[in-house]
Structure formats: C-alpha cells, structure tokens
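A short worksheet on the structure shown next.
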Amino acid sequence: MNKVKKYLIFALILIWSQFAHSYVHNQTKNGVPLHWPGSSNVVDIFVNTQNDQGIAGSDVQTIATSSLREWNNLANITIRTNTTTGKNQDDLNELYFSKEPSIFNGTGVIGITLVGYSETSGEIVSADILISDNLIFSTFSRFSTDITSTYYLGNVITHEAGHFLGLGHGQVAGSTMFYALTRGQNKVDEDDKSGLYSIYPTGDTTKGALTGTIVGGKNLALVFGAHVQAISVKTGKVMGAAISELNGKFKIDGLPKDDQYLIYNSPLKQVGLPTTYANARSDFCESSSKYRGSFFQSCGSSSEGFPEAVRLNSSLVDTGNITIRCGLDTPPDYFQNKSISPSSFNINSNTNSGLGGSFVGFFTSSEIQQSKIPLTDVKDSFLINFSNFQQWDSLSTLPLYVELKVTNQAFSSVFKALVNVKRQKNDFSPTYVQSADGSVNIDTFVSGSVQWDSLNKYVLAPDGWVNVDSTVRIPISRLDPSDNNFEIKISPNFSNTPSGIPVTDLFTDLQESMYFYLVTATIVRKNLNGTFTQVSSKNDLLSDNTMCPDAVNTYALTSFSAKGASSSSDRKAAGCGTVIDTSNGAGGSGGGPGGFMVGILLCFIVSYALSRYSKMA
C-alpha cells in the first residue's frame, strides 16, 4: 500500500463532568462527516482480550461483544466482532489493550480510536480501538466488570465504538458519546441513535427530521454554532440534536414521526468538539454577554414561557426561524403565582387544542440555598385543570392518567424535583407508588397518605445511569369529571444524592446559572400489561420567530478557516480519545489543569498513530 505523506491528528477529550447538548459527527477539515463506505455496511473488528487488568479474557470478550453490538440494528451499518491474538496488524481493524507511552502516560487518557480516512470523501479506510492497560484510578487501579460502575470496561468500549463508526463527542448527559466518562455509557442513548442514523440512514418511513434556521437580531442574522436539541413530548428525553452551520441551518435526523418535539437551543461549549466549531460566537447580548439556553416559542407575550410543540407528521418538517434569547422566558402568570398556594396559574391555559401543555419554571440561587436548610419549604405551585372536559371515553375506555414530566438534567440544571399533588375539590392527598424505572403512579387520594420523602428519589438504571428527572401519573376521575383539577407543588431536593451523578465542578463555564426546569403534561392510558400510552397532548400551530428576534447584537459569521494541520495528501489519520479527570488523583501523575492540557497536546503528537497509519493506502 502507498504510504501516507502527512497526517492530521485531532483529539476529542473526555472530562468527568456534565453538560447537555448534541451528537457531533467527526469531520474532515472540509466539513465532510467521517463514515465507512456505502459498500461496507458490515465492518469487521478483531478483539484481542489479553490484558494486565486482571480481567479474564472471556469476560473481556463478552463485554466487548455486548458493547460493539449496541450499535447494530440502529442504522445501515453493522459491526461484526472477531477474535485475534495479534496487535497492530496491517489490514485489520482491531480492539486491544495497550501501554503505548505516547498515548497512555498518566494524563487521564483511558481509550483512543485511531481512524484512517480520505480527506476528500470522508470515507474511513481503517480504524483501531486502543484501551489503556496501565490504568490507575484514584479509588482502585483497574477497569471494572460491574456494569453499574463508572469504570465499567463496557462504558469505554461502547463510547470508542461510536468514534469507530464516525461519531464525535456529544454533550447530552447520559449519552454514550458524552465527552466525560460517566455511568451508563455502555448502552446507546437516543441522541447516539439519531447521530448514527444521520450518517447511515436506512430509509425507515417511521422516522423523520426536523430542520430550521437559528437567527438573532432585528436583521435576522444567521447564528453559527448553536446547539439545538429535540425533546420528546412523549418521553421527556432528548431524542436528537444538531449544531447550526454557517447559514444558521440545523437538521436533526432519525426522529420518530409519531411524536411532538420541544426545541431547545443554547450556545456551543468548546469542550471535546471538532475544531470546525472553534470560531462559533455567542456574545450577542448587552455588554457582549452570551445568549442563554432557551426554548422555541411563538411570538407574543401570551406565549412567553410556553415552548411550542412541533409535530413531526412528515419525513421533514421545517420550523422556520428560531431566535436565540438573552433571558429565560417564563409565563407571567406563573411568575406572579410562583410561591402562592393555591395557585391560579394553569399549565393548560396556553393550549390551542388537545389536552396538556408545557411551561418553563425556575428556582433562584437563593431559593436553592434555602431548600438545603432543614424544614425550609421552597416550592413552585401551579394547576392542571381538566374539570371542564367531559368526553374521557372518547380517548380510551381504559384507565386514564395525567402524565406529568419534570425535565431538568438535560439542561445542566441538576436537582431532584419532588412533586406533590392535591385535588382542588376534595383537598385529598395522593398515595404514591413507585415503579421500577423510578416513575411514580398515584393509585388513590386519601388523608394521611405516603409522601415523596419516603420514596427512593434516585433510581439506578440497569446500565448504571442515575436519572434525576421526575415523572408522576395522576388518575383521571370519570365518575366526577369536575374533580380533575389538580394543584401541583414542585420542590428542589439535594438530599441523599448518590455518587456517580455527573456534576459541573470541573469547568465552571458549563454550569447553568439558573436552576430551571421544563414541565410537560399529557394524557396517557394504562394498558392491560401495565405500560402507558399517550392518547392526548397539546396541539400547537407552527409559528416561527421571524417577527420577534432577540439578541440585538447578533452578527453573522460569514466565513472561517478550520484550525488544524493542512496537507496535500488525501489520506489522513484521526485520534479520538477517552480521558478521565486527573484533578483528584485519577489516572496517575500529572493531575490538575496542567495534566489535562498535556493530555490534549499528546493527542496531537501521537507518534504511534503516525507509524501505524503510514502503512495505509
């Protein structure tokens, strides 16, 4: 094979912290996504299980096979797992443990994927996954075979397999491609699935895409580098995300069509992302301050704080112009009734048709501090009032519930929302029954019932992830429809927080300055098998922000030059790394910010990678 003349080495670094945003494609300097050729929808990888971690080879093979298979049956690409006893072999894609000192030298790098690709087409020609074999964590010295552990071997392998397929580091908390090592990365998340589908689509008619244009200022300047997330009304989860390009356009692909989506955009954070986005700006508000994360909502004061639900009813829905914002919009009635009980703010008041609604609430820093003081009652109050609706049987003859979801973890606004419910008519309190997934169902309303403090606030998922969002289901009364008027109280809670929930202590610029949350209410039926299916939600008429742009100082970035090495050669090599935070002694010597920076620099000068890919065609 012809030797590669020059190389571009770039690294997407993982730090142990938390931030929420989108999947990202690894790209060539010219912005072409890396991908395996269309003729290679089955890609072989050869696994060498030999290690000095004390993990049996059979366990490594089982974990590796499970992690690699996580990416199969999601898109038009399949990883086929094979075994080998060799390392650094020509013409083979490999996964093996390594002590290569130029990569794994105590700076926190625990895994790296080396990708050889064509700069012109972005086609991947070869890739290897290397796992550190000289790992020393602060609490123990080896990878774990416990799936609930942060240091579970499968977390790293599944993450690196995403790089192997062309994905870069995402920033959605809980996703496999999240740039920091966290629990639960061994299972592919919805945002990861959307990212993979956008590279290798199958033509699935049940999936569609959302597109739109991010703008700001009175001249509708196009905004480059905004993170745009699509949050499912059905599940409350981030189902996919994208980054706006130079023309302000974004496209989120691979979304289920039988759903509605709330769109959240926020400034790009320069952590673990391709250098393509290094030129993105966000200082578009007064005194050159940054715009903040905000939800897409219609123009007019009556829509403030009520995110617009975009129904994906075709293969492609264009939202039109979506403005960035300099402040957090909340409903005026909510703000005026924030701590008043009984409240007069009704979540369903802004719904054009359908049953349910969404709004944005928040707790100030002062309220958060007060909530940490024992016996201090900090709460938001609002109503869900369906007392005027009579035709419940038209939705379903099965038992019906109001499903109330409180989402905040996805916005780096991490607290546990405790939800208390009371029927306005009879003043009874509910009996809460917790499901295995952590959601809470209300079976009856009685006096002296079970309260939230007796429930398990944090539920460990089978993959090890800890979700702090809250879901409560409230039964609908058919016998007395006028009794379907509920007062909801939300309180922030920080007690008994388990270890392993990602925090933002490492980088203060990733922290959300306000403790805000998204409330979504829909109507669901309880199926005979105990599952729940949505039967009604609010319906919004799609209306964009052309007439109400915010951020008056917004200007468009007309062009930029991607940072990185240039080369006349068409063949390149890329290294995508997984690292842990070394500031607390994890990962050996070189802790603290200095150690992290050394880790970045080393990933740019990986001599081992150069010698490996000098043999490529």
Side-chain angles (χ1 to χ4, degrees), residues 22-28 31-45 65-82 93 113 115 117-118 121-127 157-170 172 174-177 185-212 228-235 237-243 245 249-261 263 310-319 576:
S22 64
Y23 68 75
V24 178
H25 296 153
N26 272 341
Q27 299 179 353
T28 69
V32 181
L34 300 192
H35 60 281
W36 290 93
S39 58
S40 305
N41 60 347
V42 177
V43 180
D44 283 291
I45 189 168
T65 300
S66 176
S67 293
L68 294 168
R69 284 179 178 173
E70 273 293 306
W71 295 98
N72 292 345
N73 302 315
L74 301 176
N76 191 29
I77 190 74
T78 298
I79 301 177
R80 186 164 55 196
T81 307
N82 306 272
N93 305 312
T113 301
V115 181
Y117 63 94
S118 164
S121 66
E123 289 188 353
I124 300 172
V125 295
S126 183
I157 294 178
T158 308
H159 175 96
E160 294 302 325
H163 291 318
F164 180 87
L165 293 171
L167 288 174
H169 282 150
V172 172
S175 67
T176 290
M177 299 313 297
Q185 288 177 299
N186 57 90
K187 296 296 182 182
V188 173
D189 197 56
E190 300 301 330
D191 180 58
D192 307 307
K193 296 175 184 178
S194 175
L196 189 70
Y197 189 88
S198 68
I199 302 176
Y200 308 100
T202 64
D204 187 347
T205 57
T206 67
K207 297 183 182 296
L210 289 176
T211 186
V228 187
Q229 301 182 70
I231 301 167
S232 165
V233 169
K234 282 187 175 181
T235 66
K237 293 182 178 181
V238 178
M239 300 298 287
I243 300 175
E245 300 297 339
K249 293 284 187 181
F250 69 87
K251 184 180 181 183
I252 306 173
D253 212 340
L255 300 174
K257 288 166 64 174
D258 60 340
D259 205 345
Q260 295 166 287
Y261 297 93
I263 299 176
V310 180
R311 186 173 296 278
L312 187 57
N313 51 13
S314 64
S315 59
L316 181 66
V317 172
D318 191 340
T319 63
C576 306

### Test item: N82 side-chain N/O and R80 main-chain N/O as donor-acceptor pair under 3.5 Å
yes

### Any donor-acceptor pair under 3.5 Å from Y197 side chain to D204 backbone
yes

## Note on the structure
What one should report as the nearest heavy-atom pair of Y200 and H35 is OH-CA, 3.4 Å

### Summary
In this structure, OG1 of T211 is separated from CZ of F250 (nearest 0.5 Å) by 6.0 Å

### Message
Tell me the closest heavy-atom pair linking N76 and P201, and the distance in Å.
### Response
CB-O, 3.5 Å

### Query
Do F164 and N93 touch side chain to side chain, with heavy atoms closer than 4.5 Å?
yes

### Query
Hey, does I79 have a side-chain heavy atom less than 4.5 Å from the side chain of W36?
no

### Task
Taking the side chain as every heavy atom from C-beta outward, state whether L312 and D259 have any pair of such atoms under 4.5 Å apart.
no

### Query
When rounded to the nearest 0.5 angstrom, what distance separates CG in D191 from CE in M239?
10.0 Å

### Query
Out of curiosity, S194 OG to D189 CG, how far, rounded to the nearest 0.5 Å?
10.5 Å

### Message
Counting C-beta onward and ignoring hydrogens, is there a side-chain heavy-atom pair between W71 and T158 closer than 4.5 Å?
### Response
yes

### Task
Could you check if a side-chain atom of D258 sits within less than 4.5 angstrom of a side-chain atom of K234, using non-hydrogen atoms only?
yes

#### Entry: S315 side-chain N/O to G208 backbone N/O, donor-acceptor pair under 3.5 Å
no

### Query
Got more than 12 heavy atoms from elsewhere within 6.0 Å of CZ, R69?
no

### Task
Please examine the side chains of L167 and I199, heavy atoms only from C-beta on, and report whether any two atoms are closer than 4.5 Å.
yes

### Message
Rounded at 0.5 Å granularity, tell me how far CG in L196 sits from CD in E70.
### Response
12.0 Å

### Query
At their closest point, which heavy atom of D192 faces which heavy atom of T176, and how far apart are they?
OD2-N, 2.7 Å

### Atom of A241, atom of I252 and distance for their closest heavy-atom approach
N-CG2, 3.5 Å

### Task
Drop me the distance from T78's OG1 to L68's CG, to the nearest 0.5 angstrom.
12.0 Å

### Task
Flag the pair K193 / V188 as yes when at least one side-chain heavy-atom distance between them is below 4.5 Å, and no otherwise.
yes

### Task
Check whether any side-chain heavy atom of T206 lies under 4.5 Å from a side-chain heavy atom of K257, and answer yes or no.
no

### Message
As an exercise, state the distance from CD1 of I263 to OG1 of T319, rounded to the nearest 0.5 Å.
### Response
4.5 Å

### Task
For K251 and A242, work out which heavy atoms get closest and say how close.
O-CB, 3.3 Å

## Note on the structure
In short, I157 meets S67 closest at the heavy-atom pair CG2-CB, 3.6 Å

